[in-house]
Amino acid sequence: MLPPYRIKVVEPIPFLSAEERRHALAGAGYNPFNLRAEQITIDLLSDSGTGATSVAQEAVAALGDESYAGARSWFRFVAEVQDLTGYPHILPVHQGRAGERILFTNLLKPGQICISNTHFDTTHANVHLAGAEPRDLPCAEAADLDSVDPFKGNIDLDALERVLNGPDGERVGLVLITVTNNGLGAQPVSMANLEAVRDLCRRHRVPFYLDAARFAENAWLVSRREPGYRTWSPRQIARRAFELADGCVVSLKKDGLSAVGGFIGLRDPDLHARCEANLIATEGFSTYGGLAGHDLERLAQGLREVVDPAYLRARAAATSRLAQMINDEGVDLIQPPGIHALYLNAGRLLPHLAAHQFPGHALGCQLYLDGGIRCAELGSLYLGRLDDQHRLVSPAPFELVRLAIPRRVYSDEHFQYVAAILADIAKDPERVPGYRIVSSPPLLRHFKVRLEPVTRSSTVDAG
Ligand code: F0G
C-alpha cells in the first residue's frame, strides 16, 4: 500500500550504546516519560503532536495572521471545523485536555457521573477535577484481547441503560464516547453504537458528547468494517458521527496532523457562552484559544488531509504490517489491530512477572534498554490501585504496552527494527526483571513515577 507522499525533510535519529541506554534509563528513574528525546532511537510513546506536517501545511503556515482578535487564520480554521462537524459553536483550545477542563467544569456538576466507553487518562482526571465521577462501561467483547470482533471500542449499551434506569440514573450528567477507544486497544466505535447511545441519551435527557481525537481513523475503520458504510467517504462518516452527538471535545494533536491544537464543538448557545467566558479567562481570546495564527492554518489544512482515503488506507496498512511482523515473532497484541497504536500483551509475554512487578512497564523498559525504543505502559502501573507504601493492592485487568505510531514518520524498516528487538525479548523473556515503585505522585501517577528494577535476590520481599 503506497503512502500518498514522499519524504522531503528529514530529522536524524540518535543511536546510543547499550551502556548509554542503561545509564539514561537509570537516570530517568526507570520511567521512559523522563527520558530526553535525544536518548531515544524510535519514539512510540505517543501519536500526539508527533506527526510530520505536509508542504501544503507549511506553506499556509506562512500566511498565519497573528492579529490578537478576529484573525484571518481563525476564520479559515472555524469554517473548516464547522464544515466537518456541523456544530455552530466552535471554541479553539491549545490541546484536548484544555477543552476537557473547560467543557466539564461548565457541563458537569459536583456529584454527577460521566459515563464513557473508556475515559482517556487526562479525561478521567478532568472529570474528577470537575467534582464528578468517571465511570467506564466498555462492551463485553473488549475484555477478550484475542477476539477479532470489529467494534470492540463500543460502549456496553445494556450496562448504560441499566445505569440510566437505575438509582444512579438521575446523577448521570454526561455520556462521553471516545473514538477510537485509546484506553482499550485503539478499537473503533460503530455508527450503530453511536446511534443507540444517541437514542438512550435523548430518552433520558442526558447530554451525549464525543471525545473525537481520532475521528478520521474511526471513520476509516467504520468504512472498512460496518455494513452500510462501504460507499461513504471517511469525511461523510465523521460528519455523521458528529451529527449524532450534542457536541464534542477534540485534541487536534492527533487527526489535526499538527503539533498543537484542539477545539470544543457545541450546539447549546448557553453552554457556549459559559465555556467562552472560561476560555477567555484561561486559554486566550475566543478566536485563537492559545493557538498562533500559523497553528490555526496548519490545522485547517491538516483537517482536509487527514480524511483523504489514500492517506488513511496507507496509515491503517502500515499499522497492520507492524502488527503482522510482531505476531510472526510470537508476540500477542490486542486484536484486531487499530490504527494509531498497537497494544502488546505483556502479561502473556512475561508470565514470570506478577502484576505487582509491573510486567507492562518491564517490557517497555526492556524495549528501551535493548533497542532505544520508547513506549507507554497501560497496565497495573497506570491503572492499578496502590496503598500508601506504593504497593499494588488491586491490579489492572490487563498488562499492556502501547506502541503508538506517529503519523507519516516511520517506515517499514523502522518497524522491522522494532519487531526484531521484540523477537529477541520473546526468545528469552525470563531475563526481563520486574520493577518496584520508589516514589509516586498522587494523580496521573504514570507520568512522574520513579521505579527501580527488582533483582532476583530481592524478589522474595517485594511480594
Ligand atoms: N482524548 C483522547 C482519546 C486522547 O488520546 C488524548 C491524548 C486526549 C483526549 C487529550 O488530548 O493530549 O491534546 O491534551 N492522548 C495522547 C496519547 C496524549 O498519547 O494518547 P491532549
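Starting from 1, each residue takes its place in the sequence as its number. Order of listing sets the numbers, starting from 1, for every ligand and every atom in it.
- Every atom of ligand 1 is numbered from 1 in the order shown, and the set under 4.0 Å from a heavy atom of T122 is 10 (C).
- Nearest protein heavy-atom contact of atom 1 (N) of ligand 1 is D211 OD2, 2.8 Å.
- The distance criterion of under 3.5 Å between nitrogen or oxygen atoms is met by R214 with respect to ligand 1.
- The shortest contact between atom 13 (O) of ligand 1 and any protein heavy atom is with S251 OG, 2.7 Å.
- Between the choices V250, L378, T178, the shortest heavy-atom distance to atom 3 (C) of ligand 1 belongs to T178.
- The protein atom (non-hydrogen) at minimum distance from atom 7 (C) of ligand 1 is K254 NZ, 2.6 Å.
- With respect to atom 8 (C) of ligand 1, the closest heavy atom belonging to the protein is F120 CD2, 3.4 Å.
- For atom 9 (C) of ligand 1, the closest non-hydrogen atom of the protein is E100 OE2, 3.1 Å.
- The pair E100-R97 fails the salt-bridge criterion, with no side-chain N (NZ, NE, NH1 or NH2) lying under 4.0 Å from an Asp/Glu carboxylate O.
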- Begin with the C-alpha distance, continue with both residues' side-chain angles, and end with the deciding distance and a verdict on side chain to side chain donor-acceptor pair (under 3.5 Å) for Q335 and S147. CA-CA 6 Å; Q335 294 291 345; S147 129; over 6 Å; no
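- Nearest non-hydrogen protein atom to atom 12 (O) of ligand 1 is R97 NH2, 2.8 Å.
- Each of the atoms 11 (O), 13 (O), 14 (O), 21 (P) of ligand 1 lies under 4.0 Å from some heavy atom of G96.
- At least one donor-acceptor pair closer than 3.5 Å links the side chain of N126 to the backbone N or O of T122.
- Proximity of F77 to L299: side-chain heavy atoms (C-beta onward) are separated by under 4.5 Å at one or more points.
- Residues forming a salt bridge (charged side-chain N to carboxylate O under 4.0 Å, His left out) with R407 (at least two apart in sequence, or on another chain): D47, E217, D255.
- Partner of H361 under the ring pair (Phe, Tyr, Trp, His ring centres under 6.0 Å) criterion, out of Y435, Y30, Y368: Y435 alone.
- At least one side-chain heavy atom of F263 sits under 4.5 Å from a side-chain heavy atom of C248.
- Heavy atoms of R402 found under 4.0 angstrom from ligand 1 belong exclusively to the side chain.
- Residues meeting the side chain to side chain donor-acceptor pair (under 3.5 Å) test with Q324, sequence neighbours left out: D328.
- Protein heavy atom closest to atom 21 (P) of ligand 1, with residue, atom name and distance, is Q95 NE2, 3.3 Å.
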